[in-house]
Enquirer: 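Please find one structure pasted underneath; my questions will follow.
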Protein chains: 2
Amino acid sequence: MLHEEVVGRIRAILLDGEIPPGARIPERELCERLEISRTPLREALKVLAAEGLVQLLPHRGSRAAKLTDKDMRDLFEVCQGLEALAGELACERITDAEIDEIAAAHAAMVLHYRDGDLIQYYRGNRAIHEAIVTAAGNPVLAGLYTSVTARIRRARYVTPMTPQRWALAVKEHDAILNALQRRDGAGLSHILRAHLRHKREEVLQAGFAETEGTDLTLRIA
Amino acid sequence: MLHEEVVGRIRAILLDGEIPPGARIPERELCERLEISRTPLREALKVLAAEGLVQLLPHRGSRAAKLTDKDMRDLFEVCQGLEALAGELACERITDAEIDEIAAAHAAMVLHYRDGDLIQYYRGNRAIHEAIVTAAGNPVLAGLYTSVTARIRRARYVTPMTPQRWALAVKEHDAILNALQRRDGAGLSHILRAHLRHKREEVLQAGFAETEGTDLTLRIA
DNA sequence: TTTTACATTTTTGAATGCAAAATCTGGGAT
DNA sequence: ATCCCAGATTTTGCATTCAAAAATGTAAAA
């Protein structure tokens with residue numbers, strides 16, 4: 001198994017919440033499960049620690065990082081900045097074909113909204129945001145975006161929504177698509193910020209400071 | 001020696017250009033120099049690879065990452081976004097005392113400009129940009145900023161300047177301080193973007209694609 | 001002289017072993 | 001019963017070792 005694959009698999013385990021925030025990461029156990037020895041596992045943990053997903057305590061092992069409200073706020077703030085930038089750049093560089101793809105994804109997402117299928121809605125939502133970042137044509141930006149969103153993913157995409165908020169989010173997405181189609185960078189940037197600000201408020205209101213026992217089951221309000 | 005220290009020391013070696021971009025990283029040699037064994041060294045290299053400073057080639061060792069013009073453009077673009085965000089947040093959160101400190105640093109920097117001391121000027125310049133990012137009060141943002149700027153540092157702070165460009169940069173810094181003092185987030189964000197855009201143009205015009213032989217001696221035009 | 005095939009050496013990536021640190025356990029004092 | 005401390009156990013962090021892959025060198029053939 002390649003180094004990057006090890007990192008990826010552990011990242012997935014953490015993001016799935018299989019090892020909940022704050023819990024110790026059982027080295028020996030993970031080694032057996034991934035069928036690798038401690039050396040490559042520990043290399044991966046150091047990388048994930050640099051990413052902020054793992055917390056290393058000298059001589060006391062590693063734990064799945066726990067996010068405080070402040071961390072969450074900070075991450076959302078940065079995420080806003082990155083998406084705003086991505087929106088501007090995307091408007092300069094996006095091709096017609098890419099816009100069409102996003103429009104299609106948008107339409108599909110709206111259908112999921114109509115169906116009240118929050119999981120599929122979130123999935124489509126995420127794909128759209130990622131497509132915009134990709135369209136920005138800046139791999140450095142894309143990399144940072146991936147790493148920042150990974151850390152808030154569980155909060156962002158597993159927060160219950162009221163019908164009002166959900167309706168607002170869909171309306172914002174209409175505006176996002178519209179700005180993209182008009183290639184209105186400033187406008188898109190502005191809408192994306194507002195969209196994320198609202199999302200952040202939802203998440204923080206939901207009291208999302210991660211603790212050992214944070215329940216991450218998807219609930220629909 | 002602690003893990004973070006190992007990472008830091010190797011990072012410094014790379015940023016100093018002691019191992020030039022594209023050059024192989026001599027594992028054995030670094031081990032002897034840092035007086036550590038290969039295991040912790042390799043852990044550090046993987047972390048630095050995730051940061052983008054090191055390139056890992058499976059079964060062929062690691063090299064100091066080489067930056068293409070495109071990489072440089074992408075990094076500057078992201079850096080602009082991060083500084084713009086930092087500027088906005090700083091205006092919301094900065095204390096009077098912090099503003100005074102930045103004003104003092106600014107005054108000192110202007111003196112170095114008058115003296116024609118580019119090295120000291122750059123040093124002061126960097127301190128100001130970092131102080132703004134710190135004043136934003138967002139450690140996640142600060143972390144990304146550090147990592148992005150690290151990668152372009154050598155280009156950003158080791159590019160020759162024409163008297164015209166230098167004068168413009170100083171003028172922009174006046175505007176930056178002014179916006180900060182007025183706590184004009186939008187204005188500061190705008191100026192910072194322009195400032196970095198100009199810097200990027202300088203750097204790219206200087207033909208900064210990093211190659212094995214890139215001469216990083218500080219030249220004053 | 002250049003090229004190709006092969007053997008040797010070097011380097012890489014990962015497993016194992018070992019010393020130091022931390023955690024756990026149980027018995028005795030308060 | 002609770003608290004505390006000494007010994008045992010586990011876990012961590014690093015050095016070393018080992019197998020596999022790549023690089024290098026050599027010699028024969030074109």
Side-chain angles (χ1 to χ4, degrees), chain A residues 1-15 17-66 143 147 210-213, chain B residues 1-15 17-66 143 211-213:
Chain A
M1 184 157 30
L2 218 52
H3 166 69
E4 264 310 319
E5 200 191 331
V6 176
V7 174
R9 291 199 43 191
I10 301 172
R11 199 194 334 252
I13 290 172
L14 293 169
L15 294 180
E18 205 178 316
I19 297 176
R24 285 179 95 260
I25 293 172
E27 254 182 38
R28 185 75 50 189
E29 216 173 283
L30 267 185
C31 285
E32 285 166 22
R33 174 160 162 195
L34 301 184
E35 292 175 296
I36 55 178
S37 76
R38 285 178 57 220
T39 306
L41 177 75
R42 291 170 99 286
E43 284 172 356
L45 289 177
K46 302 259 193 229
V47 169
L48 291 166
E51 265 179 49
L53 282 170
V54 165
Q55 187 183 10
L56 298 175
L57 302 110
H59 294 287
R60 292 211 239 147
S62 41
R63 299 176 166 274
K66 214 190 293 190
S147 129
E210 286 190 325
T211 55
E212 274 87 338
Chain B
M1 185 159 30
L2 218 52
H3 167 69
E4 263 310 318
E5 201 191 332
V6 175
V7 174
R9 291 197 46 187
I10 301 172
R11 197 189 343 246
I13 290 172
L14 293 169
L15 293 179
E18 204 177 316
I19 297 176
R24 287 181 92 259
I25 292 172
E27 255 183 36
R28 187 72 52 188
E29 214 172 284
L30 267 185
C31 285
E32 285 166 24
R33 174 161 162 195
L34 301 185
E35 292 174 296
I36 55 177
S37 77
R38 284 179 59 222
T39 307
L41 177 76
R42 286 164 60 55
E43 284 172 357
L45 289 178
K46 303 258 185 211
V47 169
L48 292 166
E51 264 179 51
L53 282 170
V54 164
Q55 187 183 9
L56 298 176
L57 302 110
H59 292 286
R60 291 209 233 153
S62 41
R63 298 176 167 275
K66 215 190 293 191
T211 56
E212 274 84 340

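Quick note: numbers below take in every heavy atom, side chains included, and nothing from hydrogens, waters or symmetry partners. Convention: sequence-line order gives letters A, B, ...; per-chain numbering from 1.
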Enquirer: Looking only at non-hydrogen atoms, find the nearest pair between B:A65 and B:G52 and report the distance.
Expert: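 So the minimum-distance heavy-atom pair works out to CB-O, 3.4 Å.
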Enquirer: Do B:K46 and A:V7 have side chains that approach each other closer than 4.5 Å (heavy atoms only, starting at C-beta)?
Expert: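 Result no, sub-4.5 Å side-chain heavy-atom pair not found.
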Enquirer: When you list every nucleotide of DNA chain D with an atom under 4.0 Å from a heavy atom of chain B, which one comes first 5' to 3', and which comes last?
Expert: D:dC14 to D:dA23
Enquirer: Kindly indicate whether the side chain of A:L41, heavy atoms from C-beta on, has any atom under 4.5 Å from the side chain of A:I10.
Expert: yes
Enquirer: Please enumerate all residues that pass side-chain hydrogen bond (donor to acceptor under 3.5 Å, both in side chains) together with B:E27, with sequence neighbours excluded.
Expert: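 Per chain and number, B:E27 pairs via side-chain hydrogen bond (donor to acceptor under 3.5 Å, both in side chains) with B:R38, B:R42.
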Enquirer: Rounded off to whole Å, could you give me the CD-to-C1' distance for the A:E4 and C:dA14 pair?
Expert: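 Taking CD of A:E4 and C1' of C:dA14, I get 17 Å after rounding.
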Enquirer: Considering only residues two or more places apart or on different chains, which pairs with a residue in residues 1-12 of chain B satisfy salt bridge (Lys or Arg N to Asp or Glu O under 4.0 Å)?
Expert: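 Sorted pair list: B:R11-B:E51.
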Enquirer: Could I get the full list of salt bridge (charged side-chain N to carboxylate O under 4.0 Å, His left out) partners for B:R33, not counting sequence neighbours?
Expert: B:E18
Enquirer: Reading DNA chain C from 5' onward, which residue's closest nucleotide shows up sooner: A:R24 or A:M1?
Expert: A:M1
Enquirer: Does any residue of residues 25-43 of chain A have a heavy atom under 4.0 Å from DNA chain C, and if so, which ones, in number order?
Expert: A:I36, A:S37, A:R38, A:T39, A:P40
Enquirer: Over how many whole Å does the gap from B:L45 atom CG to C:dA14 atom P extend?
Expert: 14 Å
Enquirer: Sequence neighbours excluded and cut-off under 3.5 Å, please list the side-chain donor-acceptor pairs for residues 53-61 of chain A, or say none.
Expert:
none

Enquirer: Kindly compute the distance separating CD1 (B:I25) from CG (B:L48), expressed to the nearest 0.5 Å.
Expert: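 These two atoms lie 7.5 Å from each other.
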